[in-house]
Novice: 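Got a structure here, written out as structure tokens. Questions coming.
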Amino acid sequence: MDNDRRVLIPIPALFSFEECLWFLNRNYDDCLHLIKNNTIYKSLALDGELLLIAIKSNGAFLDVSVLEGNVSAEAKDFLTKYVVDWFDMDRNIQPFYDGLLADNRLSYMADAYQGLRVIGIANLFEAICWSIIGQQINLSFAYRLKRRLVERFGEHLEYDNHVYHIFPAAEILAEAEVDELRGMQFSQKKAEYLIGIARAFLDGSLSKEMLLDLPDFEARKKALISHKGIGVWTANYALMKSLKEPEGIPHGDIGLLNALTSHGIIQERSETQKIDALFAQFKGWESYLVFYLWRSLAVKELA
DNA sequence: CTCCAGGGCAAAT
DNA sequence: ATTTGCCATGGA
């Protein structure tokens, strides 16, 4: 790939592309990226145009190549920021590791998952829709529903015999019919929630910019929860994944509870004081703790 | 067949 | 202010 279609991003300390790649390449069928030969392929929309990028590790750098689409200086800047945000590269996570090492129940993670970053979802609309889709159903089914939604309402581009999808724009989903989503096996409520959220993004009552303008984490959480379909879990998930809020703890998350149980931190799901005490140890790094606990679940799946 | 999944809402205590 | 019933579907 010639250099004017490529950007190199320096890899920070305590960053592992392999660990991040592992997360994206779990046992699930995610329709929004493809991983092949340790390379991530993903389509992105920039100013109404679709790009296809390939991301791979290249020594001390992440190599981001543009396979399709125009590559202006602005596009390079956008892509750099996108990837840095996606893999949370612009953060020194040493303090989190200090916290892990100080807890003998969790210290193994500093070595076992070294360099894993909280993988983000830059698009807040997508993050919210995805968490609504995933409410109270198994993840395999959730990914299947997401794929149906994306293939029906999202844009795509084709490259080298492969289709690369973009998450649907709120403008499109706002016009969708509940009945059609029902036919795609969304529940009545989830269909209503998704369309309602899309309309909220359309009329401006919800947006990433609006949330960022609010004074603090609690205000942003409150603003999210005021919308139908967004409860505590979804709000925290969205704040964690899209706004990279360190305080975002998806309370009640079944995976989180299972991980806390398997690490001997709680015996019963109702032991919220013990959970609060653990997260108090990780002030400012709550979302990292959640993500590493989720990471720990997958080992069991493979066993 | 039963139980439960990366929950949330509205009605009933 | 907390608890309960229900939602939809599929995998174990």
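So that the names make sense, note that chain A is the first sequence line, chain B the second, and so on, each numbered from 1. Nothing here was measured: the structure is a model prediction, and the numbers come from that model.
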Novice: For dT4(C) versus dG6(B), give the span between their P atoms, rounded off to a whole number of Å.
Specialist: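 Their P atoms lie roughly 23 Å apart.
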Novice: Please state how far atom CG in L256(A) lies from atom P in dA5(B), giving the value in whole angstrom units.
Specialist: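 Spelled out: CG on L256(A) to P on dA5(B) is 13 Å.
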Novice: Strictly below 4.0 Å, N to O, side chains only: are R220(A) and D216(A) in salt-bridge contact?
Specialist: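 Salt bridge between R220(A) and D216(A), a charged N being under 4.0 Å from a carboxylate O: no.
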Novice: How far does CZ of F217(A) sit from CD of E247(A), to the nearest 0.5 angstrom?
Specialist: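 If we round to the nearest 0.5 Å, F217(A):CZ and E247(A):CD are 5.5 Å apart.
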Novice: Any chance you could list the contact pattern along nucleotides 8-13 of chain B? Use B for base contacts, S for sugar-phosphate-only contacts and - for none, protein heavy atoms under 4.0 Å, 5' to 3'.
Specialist: SSS---
Novice: Report the distance from atom CG of N236(A) to atom C1' of dG7(B), rounded to the nearest whole Å.
Specialist: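 Value for this atom pair: 13 Å.
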Novice: Salt-bridged, D30(A) to R147(A), with N to O below 4.0 Å?
Specialist: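 Here D30(A) does not pair with R147(A) in a salt bridge, since their nearest N and O are not under 4.0 Å apart.
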Novice: Under 4.0 angstrom, heavy atoms only, what part of the nucleic acid is R148(A) near: base, sugar-phosphate, or nothing?
Specialist: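 Since no nucleic acid heavy atom lies under 4.0 Å of R148(A), the category is nothing.
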Novice: Going by side-chain contact (heavy atoms from CB on, under 4.5 Å), name the residues that satisfy it together with I35(A), two or more places apart in sequence or in a different chain.
Specialist: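 With neighbours one apart ignored, the set is L21(A), L24(A), N25(A), H33(A), I40(A).
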Novice: Does a salt bridge link D88(A) with R91(A), judged by any charged N lying under 4.0 Å from a carboxylate O?
Specialist: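 Counted as a salt bridge, because a side-chain N and a carboxylate O are separated by less than 4.0 Å.
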Novice: Is the ring centre of H165(A) less than 6.0 Å from the ring centre of F153(A)?
Specialist: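 Not under 6.0 Å, so no.
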Novice: I'd like the C1' distance from dC6(C) over to dC4(B), given in whole Å.
Specialist: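 Nearest-Å result for dC4(B) against dC6(C) at atom C1': 15 Å.
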Novice: Measure CZ/F141(A) against C1'/dC4(B) and give the value in whole Å, please.
Specialist: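 Answer to the nearest Å: 14 Å.
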Novice: Would you please indicate yes or no on a ring centroid separation below 6.0 angstrom for W285(A) and Y288(A)?
Specialist: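 Yes, the ring of Y288(A) comes within the 6.0 Å limit of the ring of W285(A), centre to centre.
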Novice: Taking CG from N258(A) and P from dG6(B), how many angstroms apart are they, rounded to a whole number?
Specialist: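 In whole Å, dG6(B) P and N258(A) CG are 8 Å from each other.
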Novice: Considering only heavy atoms of chain A and a distance under 4.0 Å, specify the first and last nucleotide of DNA chain C in 5' to 3' order that meet this criterion.
Specialist: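 Result: dA8(C) to dG11(C).
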Novice: In whole Å, what separates the P atom of dG5(C) from that of dC3(B)?
Specialist: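 Nearest-Å result for dG5(C) against dC3(B) at atom P: 14 Å.
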Novice: Please state whether the base of dG7(B) and the side chain of R269(A) form at least one donor-acceptor pair under 3.5 Å?
Specialist: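 For R269(A), whose side chain was compared with the base of dG7(B), there is no donor-acceptor pair (under 3.5 Å).
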Novice: To the nearest angstrom, how far is I254(A) atom CD1 from dG6(B) atom C1'?
Specialist: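 In whole Å, dG6(B) C1' and I254(A) CD1 are 9 Å from each other.
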Novice: Send over the distance from I137(A) CD1 to dG6(B) P, rounded to a whole Å.
Specialist: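 These atoms are roughly 9 Å apart.
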Novice: Do Q135(A) and T234(A) have side-chain N/O donor and acceptor atoms under 3.5 Å apart?
Specialist: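 There is such a pair between these side chains.
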Novice: Checking N70(A) against S72(A): is there a side-chain donor and acceptor pair closer than 3.5 Å?
Specialist: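 There is no such pair between these side chains.
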Novice: Rounding to an integer number of angstrom, what distance separates dA8(C) and dA11(B) when you compare their P atoms?
Specialist: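 Straight-line distance between the two P atoms is 16 Å.
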